[in-house]
Amino acid sequence: MCAVAKTRLEVQLAELEGRQGRIARDLAKPLNPDSSEQAVEMEDNDSLEGQAALVAREIASVKGALMRIENDTYGECVRCGAEIAPKRLAVRPEAALCFECASQER
Ligand SMILES: [Zn+2]
């Protein structure tokens, strides 16, 4: 099951890094000199920055999960050490917390 999770995580990581690259390119684009357009683009950039932060967080959690596979602790809750339900891992292979700990986070 770890091998399957690893493949899924690697695919996910590649996809996220691709998205991160596209966001970075969009952010690097010079603003339109037309000022009315510029306001719109600034707003776009705000949401792009939000997306970039989100993607960076997802990349970190996927990398964390890959690291746990390496260290043979994959599937254990990083907080309480309990086994993370396989059903939960099937939905979110990068999950670092068991269901209980994750629901306490909110
Ligand atoms: Zn836990």
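Counting starts at 1 for both ligands and their atoms, following the listed order.
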Peer 1: Are the side chains of Cys80 and Glu100 in contact, using a 4.5 Å heavy-atom criterion?
Peer 2: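 They are not in side-chain contact.
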Peer 1: Relative to the Zn ion (ligand 1), how many protein N, O or S atoms have a separation of less than 2.8 Å?
Peer 2: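 Protein heteroatoms (N, O, S) closer than 2.8 Å to the Zn ion (ligand 1) number 4.
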Peer 1: Who pairs with Arg57 by salt bridge (Lys or Arg N to Asp or Glu O under 4.0 Å), at least two apart in sequence or on another chain?
Peer 2: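 None.
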Peer 1: Verify the cluster assignment for Ile59 and Tyr74: are they in a single hydrophobic cluster under the rule of side-chain heavy atoms below 4.5 Å apart?
Peer 2: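 They do share one cluster, since a chain of ILVMFWY contacts under 4.5 Å joins Ile59 to Tyr74.
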Peer 1: Looking at side-chain heavy atoms only, is the closest gap between Leu13 and Glu17 below 4.5 Å?
Peer 2: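 Side chain of Leu13 against side chain of Glu17, heavy atoms only: contact under 4.5 Å found.
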Peer 1: When you group the ILVMFWY residues by side-chain heavy-atom contacts below 4.5 Å and let the links chain together, are Leu16 and Ile69 in the same group?
Peer 2: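 Ile69 and Leu16: one cluster.
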Peer 1: Does any part of the side chain of Glu94, heavy atoms only, come nearer than 4.5 Å to the side chain of Gln12, both counted from C-beta?
Peer 2: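 Gln12 reaches Glu94 side chain to side chain.
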